[in-house]
Each structure stands twice: as C-alpha cells, then as structure tokens.
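Because only heavy atoms are used, hydrogens play no part in the values below, and waters and symmetry mates are left out as well, while side chains stay in.
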Amino acid sequence: GLVVANKNHTILQILRCLYLNRRCRARVEVSVCCAVIPCRLLCGAVFHLCKEEDHLLLCPNVRVPCLNAEFGCTVQLPRSSRAAHLQVCPASVVSCSMEWLRWLNDDTNPHNFRALQDNVMEEREAQGEPLDLAMALVDQSELYSRLKMKPLYPELTEAEEEEVKDEQKEEVAVGGVVNCVKEISEENIKSFTDIYAITLDNLNNPKQNTKPGEKAKTAGDRKEAQKQDKACAENKATEGDAATQNFPPPDTSKTGHAPWQEGVLERLRDELTPHEYNMYVVHHGRMLVAFGQVEACTPREKDFVYGSLEPIPVQTLRSFKVPVSYHYRRRVHLYDTASRAQSETRSVDTSDLEANEENVFADEAAATLLGYAEQEVMGHKISESKAADGLYVDIGTQTHSFRSAPFKAKTTLSDVMVDRPLELNLQLQAESVNSRHNRASSVFTFICGHTFHRREFATHFRNVHSDIQTCLSGWFEQRCPLAYLGCTYSQRRFHPSTHKATVTYNKQLRSFNLRPTLPGSSKAQRETGGPAGGGEDSLSSLPYEVLCHMASFLDSLSLSQLALVSQLMRQVCWSLLQDRGMVTLCWEKKTYSHGGAKWRAKPVWEFSHLFSSVDSWYMADIPPISAHLKVCPYYETSVQNERVPLPSMTENQGGSQERSSLVQHFMENRFKQ
C-alpha cells in the first residue's frame with residue numbers, strides 16, 4: 001500500500017507541474033512541491049521553480065542565434081522573431097537555376113546566319129556589341145573552358161608526369177627486390193639464415209617441432225648471441241685492420257638454406273625428400289624467382305617439345321544463321337565482289353589533292369565542337385564502331401591534324417584558343433532546355449548561377465529571364481529581316497518606363513544591367529573637369545553621412561560596383577552591407593605541410609547583381625524596321641516588266657475577261673473526263 005501511495009503522489013506532482021493553474025492558492029509544501037514563479041523574461045508563463053531550465057528551451061523571449069547561423073548569419077534575436085527574420089536574413093539566399101541551350105553553327109544549313117555573325121564580329125568594336133552577341137560570346141568562353149581535349153583526341157594527348165612516375169614506381173617495385181639483394185648486410189643474412197634453418201628443421205622433423213614458448217625463447221637466445229658477436233666484432237675491429245685480414249669471417253653463402261644463397265636448390269634436392277623439396281619451393285617460390293634461383297620465364301631452348309605431332313583438321317562452327325523472316329534492305333558490302341563496282345589500285349599522293357599546308361591542319365574549335373555535338377545528338381563519338389545488322393560491323397577511323405598538338409592531359413579548348421583571333425562558333429539564338437538536353441547530360445547547356453537574396457529572386461527572374469533574355473530574338477531587340485544575308489542593323493525596342501536607361505550586358509559579371517541615359521553628361525564633365533577631364537572626384541568631397549544617404553538609394557548591382565571605386569566608397573557601401581547585402585559560404589582548400597588537404601567554408605559578404613526593379617516597359621520612339629529597308633544595302637528590288645496572267649483569268653474570243661471559280665474549274669474538268 002505504501003508503494004502505490006508513493007506512485008500516485010509522483011503522478012499527481014507531474015500532472016501539477018504540467019497543468020498548472022495560475023489561480024491555484026494551494027499552500028506550498030517543501031517536501032511535496034516547489035515554489036511557483038513567473039518567467040523572468042516576462043513572457044507570461046508561470047511554472048514551478050524546478051522547471052525553469054526546461055522553460056528556457058521554449059520561452060519566446062530568450063535570445064537565440066538565427067536559424068541560418070551555420071550559413072553565416074550572426075544575428076541574435078528573440079525566439080519568437082526568428083520566423084519573421086528569415087524574410088530579411090542575409091544568409092537566406094537563392095541560386096538561380098535558369099538554363100538554356102546554345103548549339104554550334106550548322107554550316108550545312110543554307111539558311112544559317114554565318115554571314116551575319118562574321119559581319120557582326122568585324123563591326124562590334126565600331127558600333128558596339130548587341131545584347132545577343134555579347135551573351136553568345138560569354139557562353140562560348142564558358143563552353144571552351146569546359147571542353148577537354150583528351151576525351152576526343154586520346155592519341156594526341158601526352159601522358160601526365162604523375163602517370164610516368166607511377167609507372168617508374170611500379171618498375172622499381174618489381175625490380176627493387178633484386179636490387180636490394182646487394183644491399184643486404186651480413187647481419188641480416190645471418191638472421192635470415194637462422195630463421196630458415198629453423199623452418200628447414202621443422203620441415204625435416206615435423207614430429208619434433210618446438211613448442212611456441214620454446215621457439216620464442218630459442219629465437220631470443222639467438223638474438224642475444226648475435227648482439228654479443230656484434231660487440232666482439234666491433235672490439236676486434238678497433239685493434240687494427242691487420243688482425244682482421246689475418247682472420248677473415250667464414251663464408252656461409254654456399255652452405256646455408258636461405259633462398260638468396262647460391263646453390264640452395266641443389267643442396268636441398270640432395271638433403272630433403274621430394275615432397276619436402278616441393279613444399280620448400282612452393283612456400284618460397286617468389287623469393288627464389290626474385291633472387292634468381294628460379295627463372296621466371298623458361299628460355300626457348302628449354303621448352304618441352306613433343307616427340308611427334310599430328311595435324312588436326314580445323315573445323316569452323318557457325319552458330320548464327322540469318323532468320324527466314326529477315327527483311328532488312330540488302331547492303332552493298334565491300335566483301336560482296338559480285339555486287340560492288342569494279343575498282344583498281346593506284347598510288348596517289350597528297351599533291352594530287354591540290355592541298356596546301358594551311359588546309360592540312362584542321363581548326364581545333366570547329367572539330368572539337370563537332371565532336372561533342374556528335375556525341376550528344378547521336379549518342380556516340382565520331383567514327384565509332386557500330387553493328388549495322390547481325391552480319392556486318394562498320395568500323396570507321398578518323399584522323400586529326402592540329403597545329404597545337406600534342407595536348408597535355410588537362411588541356412581545355414580555351415587553352416588552345418587563347419592566342420587565336422576571336423570567332424563566334426555558336427548560334428546567336430538560344431533555345432530552351434528539354435528532357436533530353438539538360439544540364440546533367442549536355443555540354444551545350446548554360447546556367448545563370450547568380451546568387452540573390454530570397455526577396456530579390458522574383459524580381460531578377462521576371463526582369464532578366466522573362467522580359468529580356470527570352471525576348472532577345474526579334475522582340476526586345478529586333479534585327480533587319482535580311483540579317484541572314486549579312487545585315488548587322490539592330491534596334492532595341494523597349495526601355496524601362498520608370499527609368500531613363502538602356503539595357504546593356506556586362507561580360508565580366510555575366511549579367512544584364514541598366515545604364516542611365518543623361519543627355520550632355522559627358523560634355524558637362526569635360527567642362528567642369530570631372531573624371532573624363534582628369535580632375536578630382538567631386539563626389540568624394542561630400543560628408544560621409546551624405547554619401548551614406550545617397551548610397552541607400554542605389555540598387556545592389558550599383559553598390560557592388562561603387563565599392564570598387566575607392567576606399568572611401570568601400571566604407572560607405574560597407575555601412576549598408578548588413579541591411580542590403582547577403583552572406584554566402586566560400587569553400588577553400590587548405591593544404592598542410594605533411595601533404596594532407598582539407599576543405600573549409602568561409603563566410604563572404606557581398607552585394608547581389610540585381611538592378612533596379614522594372615515593373616513595366618515602353619516602346620522606344622524610334623522609326624520602324626521598314627524605314628531601314630529603304631537604305632539597307634542587302635535589300636535588292638526585283639522589277640518585273642513582263643505581264644503574268646493570273647490562274648483565275650481566262651481569255652475569250654471577244655477579248656473580254658471573266659472570272660471562273662474553283663468549283664466551275666473542277667466541274668469542267670469532270671465533264672471533259
């Protein structure tokens with residue numbers, strides 16, 4: 001009964017601690033329960049004194065680190081404010097995963113834009129780069145840095161130094177055992193001789209083997225004896241070389257049973273039984289080969305020769321038979337002499353092809369892009385062996401000759417094209433990704449990859465990808481209808497409605513931005529001695545507080561560029577970093593002196609590449625594209641002077657013309673039939 005009463009008292013105490021009534025006026029008994037106290041942080045909770053530590057784990061007023069503390073956020077805030085803080089947390093960032101495809105130029109297509117791309121590359125410095133051209137050049141540079149030469153041209157790739165060293169190490173590992181025989185000291189030979197003497201005794205007398213304890217004791221005694229002999233030898237060596245020459249050490253190289261001693265197999269063959277001799281050779285076969293006692297490869301003159309050999313007729317068994325229902329079209333194969341065209345063998349030379357030295361070497365960029373495109377579209381490499389049917393296998397060969405060959409193992413296409421003139425080998429028009437060609441399976445896929453704050457991502461995706469990038473071809477930026485002939489004229493039809501700015505593309509940042517258009521700004525700078533005229537920066541002379549207030553109106557992209565101007569501007573932008581910036585983890589590899597390496601994450605504060613939000617766009621006040629056609633040099637009018645009768649017109653004998661409908665036309669033909 002006492003045990004049951006104690007259990008009931010404990011249960012009541014637990015329930016009282018969990019479900020505490022604030023209006024309870026029960027008397028506090030020290031032996032039964034503890035005092036009731038309110039929360040010290042004024043959250044309104046009332047609990048027993050023993051539950052204060054547990055309450056701090058749930059109290060909404062306790063200051064705790066941010067949920068993204070492991071990602072770089074250093075804010076300490078009440079627990080009840082953590083959810084609202086995530087909307088402005090600098091570590092709450094999103095990486096843009098917008099992808100697009102950009103294929104290489106198809107020279108076999110007669111309607112390609114090769115002429116346009118060649119003319120645009122020549123005029124880009126004089127007239128400025130269009131948006132689609134600037135973006136295509138950046139994608140091409142990124143693609144060149146990803147394409148490696150070794151997978152496509154393994155025969156033109158040099159072996160790495162590490163591979164050569166590994167091969168040398170393997171050779172040393174194989175031949176090192178033989179080389180180390182000369183370096184074995186006499187003491188090691190004596191110890192090995194004693195060990196093999198014990199093994200040989202055990203082989204000769206298997207029933208009289210020593211016990212483990214006795215064997216260990218015998219080996220220890222022998223080691224102690226070896227130490228004493230070594231000490232005596234050192235004492236004798238100090239007396240003089242003459243004494244040593246008079247008493248040379250005994251030669252045991254031809255009497256022992258160790259694998260490295262000369263003539264060991266001949267001695268063991270006489271002393272041991274055939275079974276024991278075979279066991280010795282099996283156990284020590286590798287060392288016997290290493291020390292030259294047994295030849296690893298039998299010489300040709302020692303090969304076993306049969307006394308008489310009888311020829312055996314060769315029987316060919318063909319297990320594959322072409323089925324009767326095989327209806328595949330008949331292939332003209334080279335082995336079908338009856339069906340193929342008659343040919344004759346002649347000796348030809350490259351001079352007959354009229355090929356000069358320039359045509360012998362291929363373009364690395366064109367060949368590499370074509371090779372990767374073949375592998376992606378067709379699913380195999382160029383000239384790969386392919387089984388056409390159950391009878392024949394097509395084996396193709398493709399040889400390449402490049403000026404920059406041979407390549408190193410880690411050479412990329414960008415390393416090869418670093419000194420070449422810039423050419424555009426990709427298409428100006430980008431395509432959307434699909435289920436077959438995506439980032440995981442296609443090298444011609446590109447990703448945005450920029451990092452933005454969570455509240456900035458929606459604006460970035462709407463303005464950059466939806467409004468600008470996907471509408472470049474023909475809508476946001478319109479080209480001449482005769483661009484396929486080589487006309488480079490283009491015009492930007494849209495501008496922000498809330499800003500007087502034009503859209504440009506920054507190659508270094510790989511992002512679009514807005515450039516303000518202020519008429520006469522460059523001229524005013526020259527007259528007042530601004531930066532264009534070589535004078536001092538008048539903006540830096542303003543007070544620090546004024547500069548901070550002015551910088552608060554800039555967007556994130558402008559702040560990131562303003563921080564690169566001077567140290568003063570960097571301090572101004574640093575004051576806005578906590579509110580406008582974001583923190584990301586930058587992984588760095590640290591190498592230690594002993595050769596080990598470890599990756600560490602370092603928080604980095606920066607501004608995103610988001611320009612000012614554009615809610616709507618307006619069409620620029622520029623003449624239509626038809627006005628350009630009047631002066632386009634590629635627009636050639638074709639004047640037709642001869643009259644051409646229309647299909648719906650017929651001539652009567654009286655010279656009058658009447659129109660006949662299609663119904664009447666078919667009815668007349670029907671009656672004639």
Do [X] and [Y] come within less than 4.5 Å of each other through their side chains, counting heavy atoms only?
X      : Y      : result
Arg462 : Ser613 : yes
Ser608 : Met582 : yes
Gln427 : Phe444 : no
Asn112 : Asn105 : no
Pro406 : Tyr153 : no
Cys632 : Tyr489 : no
Tyr635 : Pro481 : no

| Carboxylate-amine/guanidinium proximity below 4.0 Å for Arg479 and Asp132 | yes
| query | Would you call Glu477-Arg492 a salt bridge at under 4.0 Å N-O? | reply | yes
Please check if atom [atom1] in [X] has more than 12 non-hydrogen atoms from other residues, nucleotides or ligands closer than 6.0 Å.
X      : atom1 : value
Arg515 : CZ    : no
Glu70  : CD    : no
Tyr618 : OH    : yes
Gln76  : CD    : yes
Glu155 : CD    : yes

| task | State yes or no: are the ring centers of Tyr505 and Phe512 separated by less than 6.0 Å? | result | yes
Taking atom types as modelled and ignoring hydrogens, do the side chains of [X] and [Y] form a donor-acceptor contact shorter than 3.5 angstrom?
X      : Y      : answer
Thr445 : Glu99  : no
Asn506 : Ser511 : no
Gln429 : Ser473 : no
Thr517 : Thr502 : no

| query | In Å, rounded to the nearest 0.5 Å, how long is the span from CD of Gln87 to CZ of Arg455? | reply | 10.0 Å
| Listed by chain and number, what are the ring pair (Phe, Tyr, Trp, His ring centres under 6.0 Å) partners of His460, not counting sequence neighbours? | Phe452, His465
| Counterpart residues, salt bridge (Lys or Arg N to Asp or Glu O under 4.0 Å), relative to Arg63 (two or more places apart) | none
| request: Please report the closest heavy-atom contact between Tyr544 and Gln571, naming both atoms and the distance. | output: OH-O, 3.4 Å
Reference residue [X]; test side chain to side chain contact (heavy atoms under 4.5 Å, CB included); the match among [options]:
X      : options                        : answer
Leu143 : Leu413, Asn425, Leu369         : Leu369
Cys573 : Leu554, Leu559, Leu547, Val565 : Leu559
Phe446 : Leu426, Leu101, Val138         : Leu426

